[in-house]
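A quick write-up on the structure given underneath.
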Amino acid sequence: METAHRAMACVLALGIVVAVLNLKLVDSRWFETGDDLFNEALRWEETFTVPFQEASSDTTLLGAGGPFAPSSADGVVGPSVVLVMGWGDAACRAVAETFADHVKWAAPLAYEEHLETTKKTLLAARAVVEYVGDVSLGAEVEVAHKLKPEIRLAAQDAIRALLAELETLSKKNGNVVAVVPHLRSPNVKSPRTGAHIRPVIVVEDGLAASFRDNDRLVDILGPSLVDEDVLDTICMLRLRPRDRNLTGDFASTNQRQFREAIFAGKIYTNAAAQKNTFETPPCQITDLPLFRNAIIWSKVSDALLRAHRTRLVLSTSSRGSMSATLPLMRVPSRDACKSILEHLAFRAASEAHPDSSVDHHFKQASTISVPSQPTSSRKRKRRSGSRVQNDAASELVKISPCSRFNEFAVERLTTHLAEDLELLLDTSILQAFGYETPLLSRSALANLPKALLSETQIDAGYCEEQVNLKRLSLEQRTKLTFSVARCLPSFLIIGAQKAGTDELGVWLNQIMYARRLDGGVEIHFFDCLGRGRGWRRPSCARARRAMMQADTHAGLENLTIALEAGQKRAFAWSELRKESIYLSSWWKQYLSLCNLFYTAYARRSMTFEKSPAYMDLSHPMDIVRMLPSAKLVFMVRDPVLRFVSSYFQMCSGMYQALDNCTYIDLRSRFDVLHREFDPESISHQIGDASVDYFVRRGLAHSMYAHWLQKWRAAFPDEQIMLVFSEHFRNFPQGVIFAIESFLGLRLPRQHHYFRPHKNKQGFYVLGEYSKANNPSHKSDPPSDFLHALRAFYRPHNTALRRLIDESGIHWRPLQEVPKDYKADFSLPSWLAKAD
Ligand SMILES: Nc1ncnc2c1ncn2[C@@H]1O[C@H](COP(=O)(O)OS(=O)(=O)O)[C@@H](OP(=O)(O)O)[C@H]1O
């Protein structure tokens, strides 16, 4: 009994010592007594680990943090002690549960909370020793330097006492297990002991340990990512925490906790996680593939745990010690427990070489048996190129236990897993990180989370060089006539259709510092995304093709599935579940559509694209997630004239003969359609190719206030500029100057070298070709119809007027416009009259 108490005291002291090593916060003061230190540790543990425990299931989080986290412990234990260590108590629990049937000896450790686990662990670990064979004992533990000398000595004494205790036990029982769950990385070549110190088995809490953070993130974020609206809200919290109402609807407790945690700054308290880029929830669209990978990996690691039931993955650490990764698992029976050790070839080896060290046994053991997974005939179909042979006839695959990383075993198990779970490891992503797939090396496994975290963050203006300009001579560079870079736009002309956006694009493309990326063709990227639901629209063909070409996995097949399912929310969650119609890194598709030529790239021009359908068809959150700092140019025209123009354009496109498109036809449709009108519902009716649909959409399009509000929900006012078509028509240079100032370009006062000419319609145009040369219709609407249309738009104009008066949206130049540009930025008459 006395012995047990002594052991308890010693282990307690050890726990405290280890704790203080990790307690950076308490470094600055001395602790008078062991109790002081212990209480401090407890207090700290409380504040430190609570958010973790709340945030997820305790299984996932056990050992994930707290003052006893293993990171900086500096202990040495050995030699030939079966050392159970790892990520806190998870390791202990793993061992305890595994060997629960075989426990014979116990010593409590640390404090009450961990008593039961520790007891079990010690008992269990001792059982391991029984299987292992005769192991001698000797050890030394180095303790904290920061402790007051007398306390340090006391601690060392305590530890020595513990070890002596263990040694006695060892002599008596033959084997001893020292369970020091919070120690890590024993110094195998401690100069102090002079002995050959080598941990025999390091039982860690499984491969999953390194994926704990991912698991946790997935647990927390998963529910949020199911729902676009929730994700949008989270994005808003991240992007514009000050502007937004933070009491948005969060459906689940997890999400509420998550949100609270964000603001309490507690979400990632783990030091390792803090180094990562995960301190904020996903918002930029680039984060999502990252989280998808995290999910895949957490599944894989979970599955590894399950699938490994009776297997161990052996590997040698960089320090040369042998480690067996024993997953956190329940081995149900004594036989299963035994089989683990048999897989280790321990018994046989020790029997064959009773006098040699355990390490030697490992080396002698020629093979380790890893039973092949029972495979269904479907699963038997292996991918070509796989290095693993499916040896269905043989139950055992022979592998060497001493190969450096035992890649073969890991790969084999991983492949099994992938098949078992029908998880396709994401080939494109893994390849992007330079890994061979579907087989993964152990180092790849270990490194994957880090690699995932290094995913590039992108934003407006991001460029990927296609041609390495450094390798080219100046002469070669200047001769380049093809695109040298793919760049994302710094600003977008998002609408409105038929307001003169085409001509505006032409002008902006000719200023020195801006280049249109799309070669003059509207990209329609964002209105072709899932939430834009533009898959059936012909204008989406280009984006669709690019997506298909770029990703053979998520190509036609998935697209078809998504279309057939009428996937409304084809984006986030499906993206994560690999059913996506989008690429894993779909911003690359967008890049693939946006080219930049040498001169523009060399000049680091601002880049833009013009897709006026974005105004009503795309989802602003899709854009803000991907290009949070992009600026938006929104051009508006007299709503009546714009409506009329859109009718004639659409109608003539459909009937092929302008004769069928008349004011009489339009009036009759308008009279019916304008009565009950909801602009938002119109933009959701993609695929309806009737004239009525286009009339309705045309009517909705001119309700500018409505659309501006939609964009303001995602973008701050400072990033939005309203341009009046009437201004552009009358003083284009002044408008271009205003846009330049909005874009933040600091330019000489008069720097334009436009050579415009006035065409027959009275528009200033730059090139030979201009839409302004081909008016969609010849006359204005008859006066009664005009009157009806004006009345229809009156409230909408009033709303726009109020909006521009009250919001921070730009519409006037930020710098004084050069006099020569003859600009008059007063409101156009249709808006000036509205109040
Ligand atoms: N400089 C200038 N200023 C103002 N308006 C102009 C200008 N140039 C062209 N236009 C008129 O704009 C209409 C075409 O608009 P868009 O280029 O935006 O059309 S589209 O949405 O890209 O199809 C089209 O209007 P309609 O002729 O009434 O159809 C053009 O005549």
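When a ligand or atom number is given, it counts from 1 through the structure's own listing order. By convention here, the first residue in the shown sequence is residue 1.
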Please list, in number order, the atoms of ligand 1 under 4.0 Å from a heavy atom of [X].
X	value
Asp502	16 (P), 17 (O), 18 (O)
Gln497	21 (O)
Arg729	3 (N), 4 (C)
Glu503	1 (N), 8 (N)
Gln649	23 (O)

Please list the nearest protein heavy atom to [atom] with its residue and the distance rounded to 0.1 Å.
atom	answer
atom 25 (O) of ligand 1	Arg637 NH1, 3.1 Å
atom 8 (N) of ligand 1	Ala772 CB, 3.3 Å
atom 2 (C) of ligand 1	Phe763 CD2, 3.3 Å
atom 23 (O) of ligand 1	Lys771 NZ, 2.8 Å
atom 21 (O) of ligand 1	Lys498 N, 2.9 Å

Nearest non-hydrogen partners of [X] and [Y], listed with the distance:
X	Y	answer
Phe731	Asp824	CZ-O, 3.0 Å
Leu488	Thr607	O-OG1, 2.9 Å
Leu627	Phe715	O-CE2, 3.9 Å
Pro639	Tyr704	CA-OH, 3.7 Å
Ala496	His701	CB-CD2, 4.0 Å
Asn730	Tyr764	O-CE1, 3.5 Å

* Partner of Arg790 by salt bridge (Lys or Arg N to Asp or Glu O under 4.0 Å), out of Asp784, Asp780, Asp638 -> Asp638
* Within the side chain of Arg642, is there an N or O that forms a donor-acceptor pair under 3.5 Å with the backbone of Gly698? -> yes
* Asked: Would you find a donor on one side and an acceptor on the other, under 3.5 Å apart, between the side chain of Asp717 and the backbone of Ser807?
  -> no
Below the 3.5 angstrom mark, is there an N/O of [X], backbone or side chain, next to an N/O of ligand 1?
X	value
Thr501	yes
Gly500	yes
Lys610	yes
Pro612	no

* Counting only heavy atoms, which portion of Met635 has something under 4.0 Å from ligand 1: side chain, backbone, both, or neither? -> neither
* Side chain, backbone, both or neither: Glu522 near ligand 1, heavy atoms under 4.0 Å -> side chain
* To do: Let me see the working for Arg515 and Thr599 under side chain to side chain contact (heavy atoms under 4.5 Å, CB included), right down to the final yes or no.
  => CA-CA 10 Å; Arg515 281 296 171 271; Thr599 42; 5.6 Å; no
